[in-house]
Amino acid sequence: MSKAQSLSEKKRIRMTWADWIIYVFLALFALITFYQLWYVIIGSFSNGQQYASGGVFLTPVGFTFANYEVIMQDVEFWTAFRNSVLRTATGVAVELLFTALVAYAMCNKYLRCKKSYYWIFIFTMFFSGGIVPMYLLIRILGLYDNFFVYIFPAMFSVYNMIIISNFYKGIPDSLYEASELDGAGELTIWWKIYMPLSKPVLATVSLWIAVEHWNSYMGTMLYTEAGDWTLTLQYYLKQLINEASGVGSSSEYTDLVTAKTISYAGIVVALIPIMCVYPFIQKHFTKGVMLGSLKG
């Protein structure tokens with residue numbers, strides 16, 4: 001490498017004041033964001049009475065596992081956890097398959113009235129009937145206080161359909177035509193050609209759907225009585241945080257926990273499943289979003 005080229009490269013990577021300001025701002029933003037999570041974690045390991053006295057900033061005070069022991073011994077927590085796992089797993093499978101199937105139809109050149117369907121879908125992204133009509137519809141369909149109230153109304157997402165459809169458009173038409181010549185039907189082409197080639201975008205959309213189902217509590221609050229098969233983890237945590245219920249009121253833990261520290265322990269436990277899944281999907285995340293959003 002010549003001296004001129006070396007100087008040219010050094011010039012290109014030289015940091016300006018604007019670069020430093022951006023990096024400092026992003027570092028501070030990341031620190032503030034992480035500290036909120038860290039504060040919840042140290043609160044969950046803190047003695048409830050000592051935590052209530054203040055002075056908790058970087059490390060737990062009166063380190064204890066009592067908050068987690070209370071959570072683990074609560075039957076209602078495990079009921080909510082089970083329901084959230086079932087809801088998330090079923091919701092991801094159903095919504096991903098149905099949305100991907102609609103996306104395949106929307107990118108198919110043989111679909112009639114495609115533009116009309118497209119604009120109808122876009123309209124529903126910006127306008128809806130609201131909560132009251134939705135509640136009445138849930139009642140009419142017999143889904144009220146039913147586990148499937150979490151699944152059927154969320155079977156289709158217009159935004160996710162557009163992302164997947166744009167990805168499908170990047171698949172060569174020659175594959176479709178070759179499969180068609182071999183006698184494959186539309187469902188066979190979609191399942192055996194388009195779905196395997198779309199793993200990056202499908203993994204990305206799966207993560208979005210999973211997070212949406214796992215973190216949702218509005219459906220439980222509006223459309224169920226929060227019984228054995230409808231109580232979800234996030235709604236359980238909402239009740240725990242807002243109402244300071246009698247969880248952990250036994251004399252064994254009276255001096256060790258408070259509703260606040262117990263709720264922190266519940267939040268940490270609720271984060272674990274998503275944090276375990278994310279590393280396996282991360283490698284597909286950026287690729288899936290970019291390809292699904294830019295191809296058209």
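Fair warning: this is a prediction, and the values are worked out from it, not measured in the lab. All heavy atoms count here, side chains included; hydrogens, waters and symmetry mates do not. Numbers here simply count residues along the sequence, with the first being 1.
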| field | Criterion side chain to side chain contact (heavy atoms under 4.5 Å, CB included) on Glu186 and Asn108, from CA distance to verdict | value | CA-CA 10 Å; Glu186 295 292 352; Asn108 194 304; 3.3 Å; yes
| message | Hydrophobic clusters here meaning ILVMFWY residues chained together by side-chain heavy-atom distances under 4.5 Å, can you tell me if Phe126 and Met161 are in one? | response | yes
| Under the 3.5 angstrom rule, does the side chain of Trp78 hit a backbone N or O of Met72 as a donor-acceptor pair? | yes
| query | When rounded to the nearest 0.5 angstrom, what is the spacing between OG in Ser84 and NE2 in His213? | reply | 11.0 Å
| request: Taking atom OH of Tyr35 as the centre, report whether more than 12 heavy atoms of other residues, nucleotides or ligands fall under 6.0 Å from it. | output: yes
| field | CG-CG distance between Leu187 and Leu101, expressed to the nearest 0.5 angstrom | value | 6.5 Å
| Other residues, nucleotides, ligands: >12 heavy atoms within 6.0 Å of Ile131 CD1 | no
| query | Of the non-hydrogen atoms in Gln239 and Leu231, which two are nearest, and what is the gap between them? | reply | OE1-CD1, 4.3 Å
| message | With a sphere of 6.0 Å drawn around NZ of Lys192, does it hold more than 12 non-hydrogen atoms of other residues, nucleotides or ligands? | response | no
| query | Could Arg87 and Trp214 be counted as a cation-pi pair, given that NZ or CZ must be under 6.0 Å from the ring centre and within 45° of the axis? | reply | no
| remark: When every non-hydrogen atom of Gly43 is compared with those of Thr261, the smallest separation belongs to O-CG2, 3.5 Å
| message | In the structure I gave you, are the side-chain heavy atoms of Ile162 and Met106 within less than 4.5 Å of one another anywhere? | response | no
| message | I need the Ile267 CD1 to Ile272 CD1 distance, nearest 0.5 Å. | response | 12.5 Å
| message | Is the ring pair Tyr168/Tyr104 parallel, tilted or perpendicular, if the boundaries are 30 and 60 degrees? | response | perpendicular
| field | Euclidean distance, Asn160 CG relative to Glu95 CD, rounded to 0.5 Å | value | 6.0 Å
| query | Should we say atom OH of Tyr217 is surrounded by more than 12 heavy atoms from elsewhere, each under 6.0 Å from it? | reply | no
| What is the ring orientation for Phe121 with Phe156, classed by angle as parallel under 30°, tilted 30 to 60°, or perpendicular over 60°? | tilted
| request: Flag the pair Thr124 / Val158 as yes when at least one side-chain heavy-atom distance between them is below 4.5 Å, and no otherwise. | output: yes
| Rounded to the nearest 0.5 Å, how far does OH of Tyr236 lie from CD1 of Ile71? | 4.0 Å
| field | Tyr150 versus Thr230, side-chain donor and acceptor atoms under 3.5 Å | value | no
| field | Minimal non-hydrogen separation, Asn67 against Ser44, with atom names | value | ND2-O, 2.9 Å
| query | Are any of the side-chain heavy atoms of Phe167 and Leu197 separated by less than 4.5 Å? | reply | no
| said: Ring-plane angle category for Tyr264 and Tyr39, please: parallel below 30°, perpendicular beyond 60°, tilted otherwise. | reply: perpendicular
| query | Is Glu212 close to Ser157 at the side-chain level, that is, under 4.5 Å between some pair of heavy atoms? | reply | no
| request: Ignoring hydrogens and angles, tell me if any N or O in the side chain of Ser263 forms a donor-acceptor pair with the backbone of Lys260 under 3.5 Å. | output: yes
| task | Evaluate the criterion side chain to side chain contact (heavy atoms under 4.5 Å, CB included) for residue pair Tyr176 and Ile171; output intermediate values, then yes/no. | result | CA-CA 9 Å; Tyr176 176 89; Ile171 297 175; over 6 Å; no
| message | Would you say that Tyr68 contacts Val268 through its side chain, given a criterion of any heavy-atom pair below 4.5 Å between the two side chains? | response | yes
| field | Shortest non-hydrogen contact between Asp228 and Asn83, atoms and distance | value | O-ND2, 2.9 Å
| task | Could you walk me through whether Phe152 and Ile138 pass the side chain to side chain contact (heavy atoms under 4.5 Å, CB included) test, one step at a time? | result | CA-CA 10 Å; Phe152 293 148; Ile138 293 297; over 6 Å; no
| query | Is the centre of the Phe63 ring less than 6.0 Å from the centre of the Phe65 ring? | reply | yes
| field | Hydrophobic cluster membership, Val132 vs Ile140, 4.5 Å side-chain cutoff | value | no
| field | Closest non-hydrogen atom pair, Ala100 against Leu202 | value | CB-CD2, 4.4 Å
| Taking all atoms of both residues into account, what is the closest heavy-atom pair of Leu143 and Val149, and its distance? | O-CB, 3.3 Å
| said: Apply side chain to side chain contact (heavy atoms under 4.5 Å, CB included) to residues Leu111 and Tyr118 and explain how you reach the verdict. | reply: CA-CA 11 Å; Leu111 179 66; Tyr118 178 80; over 6 Å; no
| query | Without hydrogens or angle criteria, can the side chains of Ser179 and Asp182 be said to hold a donor-acceptor pair below 3.5 Å? | reply | no
| task | Indicate if Trp119 and Ile163 have the same hydrophobic cluster label, given that clusters are the connected sets of ILVMFWY residues with side-chain heavy-atom separations under 4.5 angstrom. | result | yes
| said: To the closest 0.5 Å, what do you measure between CZ (Phe45) and OG1 (Thr64)? | reply: 10.0 Å
| query | When clusters are formed by joining ILVMFWY residues with side-chain heavy atoms under 4.5 Å apart, either directly or through shared neighbours, do Leu37 and Leu26 land in the same one? | reply | no
| query | Leu31, Ile21: one ILVMFWY side-chain cluster at the under-4.5 Å cut-off? | reply | no
| task | Would you check if Leu86 and Phe147 make a side-chain contact, meaning some heavy-atom pair closer than 4.5 Å? | result | yes
| Backbone of Glu225 reached by a side-chain donor or acceptor of Asp145 within 3.5 Å | yes
| request: Indicate yes or no for a side-chain donor-acceptor contact from Asp19 to the backbone of Thr16 under 3.5 Å, with no hydrogens or angles considered. | output: yes
